[in-house]
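One structure below.
Only heavy atoms go into these numbers, but all of them, side chains included; no hydrogens, no water, no symmetry mates. Below, chains carry the letters A, B, ... as their sequence lines are ordered, and counting in each starts from 1.
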Number of protein chains: 2
Amino acid sequence: MTSTSNAGRAGTKGVPREERERQILDIATVEFGSRGYAYASLSGIAATAGVSKPLIYTYFGSRDGLHAACVHRAGTRLVEAVAAAQRVPGVANRALATLSAIFHALDGDTENWKLIYDSTLPPESDAHAVARTYQNALNTMGSEGVAAALAATTTDPTDHSLLLALWFNTITTTITWWTTHPTETPESMTTRSRRFLTALQQSPPPSPPDID
Amino acid sequence: MTSTSNAGRAGTKGVPREERERQILDIATVEFGSRGYAYASLSGIAATAGVSKPLIYTYFGSRDGLHAACVHRAGTRLVEAVAAAQRVPGVANRALATLSAIFHALDGDTENWKLIYDSTLPPESDAHAVARTYQNALNTMGSEGVAAALAATTTDPTDHSLLLALWFNTITTTITWWTTHPTETPESMTTRSRRFLTALQQSPPPSPPDID
DNA sequence: GGGAATTGACTCTTGGGTAATTTACCGTAG
DNA sequence: CTACGGTAAATTACCCAAGAGTCAATTCCC
């Protein structure tokens with residue numbers, strides 16, 4: 001066992017860069033995703049990953065560099081999943097298909113979504129801008145659907161921007177809720193969502209629902 | 001002018017404690033509300049308020065003490081406003097009445113709401129617990145309405161907790177949106193909300209709306 | 001002159017970032 | 001098949017800035 005045991009001291013441990021990067025990204029994603037950008041510390045991530053701080057710097061350049069790498073990976077995956085769902089035919093079912101795709105893409109690892117819609121991101125920061133990239137990509141896909149949903153009811157152009165914000169915030173809230181109910185599966189989350197979506201349409205005639 | 005000009009140097013400036021506390025609270029509310037708990041610094045608040053850090057400590061004890069004071073003031077106002085709206089008769093209109101009450105209570109000062117539903121609050125902290133107090137107070141009032149809205153459609157008990165989260169997050173999102181659209185008035189926000197609320201009921205037969 | 005109002009100038013901790021150094025792997029010359 | 005030097009992998013021990021919190025002193029009002 002002493003052949004390749006180099007604990008504590010400096011020097012390579014034989015782990016190739018690509019693999020170490022993946023390890024670090026995995027840990028960092030959880031830290032950034034669960035604690036939020038504001039509270040995840042590099043020292044903490046390094047410690048959890050069982051690696052020293054300078055290693056992370058040589059691999060990712062800076063804290064923001066590491067964060068950006070996490071966001072890119074998570075964002076790419078999600079955009080891909082949601083894009084696939086957009087190809088589902090039938091206007092009426094695309095919302096649910098989108099949700100289902102997201103739930104399955106995450107499959108319990110809710111950090112990936114929370115990374116991109118991280119509410120602790122400082123508004124004007126570079127880190128926010130990176131996350132924004134993927135938010136916009138997802139928004140673009142969602143925008144079309146929102147327009148369709150709204151067309152029949154209103155003519156106010158600013159209504160669109162608010163509804164879009166509401167829609168994505170609904171997803172984020174649902175995913176955050178999922179975090180606190182870990183026994184839920186992608187399937188059960190989808191079923192639950194279907195219930196809500198149809199409920200919106202079928203609620204009793206007395207106009208606005210009593211949701212206060 | 002030199003009679004009572006004591007700039008820079010120590011010593012009283014004749015401002016009674018109560019008034020100074022109000023000044024500081026005003027500034028701190030804006031800072032904590034707009035930047036969020038995670039990013040508002042005491043030094044910054046002190047500087048903006050034109051006051052030294054130690055003064056804030058003698059008056060509020062700690063950063064968290066100051067924050068708690070802000071939350072208490074904002075929370076009390078909001079709970080009061082929302083409670084009044086609950087007395088509105090007619091189950092169907094209470095949701096809108098609640099929103100209208102909140103919009104008017106804030107009247108553009110969206111920081112008060114954001115203080116209580118501050119997404120940068122560290123989950124397990126004391127500061128979060130204080131905000132939680134007022135969230136719970138508001139939740140209790142909203143819970144009843146959510147139950148009514150749900151009763152007709154589902155029997156799953158956990159649906160309730162998710163819908164409650166969704167409802168309050170909808171409000172927060174709407175208010176955040178308001179921040180980025182400062183020309184909106186409480187009235188216009190209410191009108192806009194009414195449009196959305198009724199749209200939910202009247203959207204075309206093809207079940208789930210195409211909101212993806 | 002006593003107490004309230006108020007501050008400059010500290011300390012201490014946390015966390016991002018860097019410099020210099022050490023260890024192991026690996027291809028090649030003898 | 002061994003010696004060896006170059007490079008990749010890693011670390012320890014720092015520096016530095018920001019921000020929470022404290023002490024003792026100061027100025028003014030009554």
Side-chain angles (χ1 to χ4, degrees), chain A residues 1-25 27-28 31-32 35-70 120 122 125-127, chain B residues 1-25 27-28 31-32 35-70 120 122 125-127:
Chain A
M1 61 167 76
T2 43
S3 63
T4 314
S5 75
N6 183 20
R9 287 189 304 286
T12 183
K13 289 171 188 163
V15 181
R17 175 164 184 161
E18 199 182 359
E19 188 182 336
R20 259 287 134 78
E21 282 188 350
R22 218 178 316 120
Q23 287 177 4
I24 296 173
L25 274 182
I27 301 288
E31 290 286 294
F32 278 127
R35 300 200 185 185
Y37 177 87
Y39 296 105
S41 81
L42 247 175
S43 321
I45 292 171
T48 308
V51 159
S52 76
K53 226 174 4 168
L55 188 64
I56 296 185
Y57 276 89
T58 52
Y59 283 177
F60 297 98
S62 67
R63 188 182 115 112
D64 273 13
L66 174 60
H67 179 257
C70 293
T120 75
S125 64
D126 289 353
Chain B
M1 60 167 78
T2 43
S3 64
T4 315
S5 74
N6 183 20
R9 288 186 303 285
T12 183
K13 290 171 187 162
V15 180
R17 174 166 185 160
E18 197 183 0
E19 187 181 337
R20 260 287 134 79
E21 283 188 348
R22 220 179 313 122
Q23 287 177 5
I24 296 172
L25 274 183
I27 300 289
E31 291 286 295
F32 277 127
R35 301 200 185 186
Y37 176 87
Y39 296 106
S41 81
L42 245 176
S43 321
I45 292 171
T48 307
V51 160
S52 76
K53 225 173 6 167
L55 187 65
I56 296 185
Y57 275 89
T58 51
Y59 283 177
F60 298 97
S62 67
R63 186 183 116 112
D64 274 12
L66 174 60
H67 178 257
C70 293
T120 76
S125 64
D126 290 353

>> Going by the rule salt bridge (Lys or Arg N to Asp or Glu O under 4.0 Å), which residues pair with B:R20 if we only count those two or more places apart in sequence or in a different chain?
In response: none
> Of all residues at least two apart in sequence or in a different chain, which pass the salt bridge (Lys or Arg N to Asp or Glu O under 4.0 Å) check with B:R22?
Replying inline: none
>> So, using side chain to side chain contact (heavy atoms under 4.5 Å, CB included) as the criterion, who are the partners of A:S125 when residues are at least two apart?
In response: A:P122, A:A127, A:H128
>> Applying side chain to side chain contact (heavy atoms under 4.5 Å, CB included), can you list everything that pairs with A:S41, at least two apart in sequence or on another chain?
In response: A:S43
>> How would you summarise protein contacts on nucleotides 4-20 of chain C per nucleotide, using B for base, S for sugar-phosphate only and - for none, with heavy-atom distances below 4.0 Å?
In response: -BBBB------SBBBB-
> Between atom NE2 in B:H67 and atom P in D:dA20, what is the gap in whole Å?
Replying inline: 13 Å
>> Rounded to whole Å, please give me the gap between CD in A:E19 and P in D:dA8.
In response: 18 Å
> In chain order, what residues pass the side chain to side chain donor-acceptor pair (under 3.5 Å) check against B:D64, with sequence neighbours excluded?
Replying inline: B:Y37
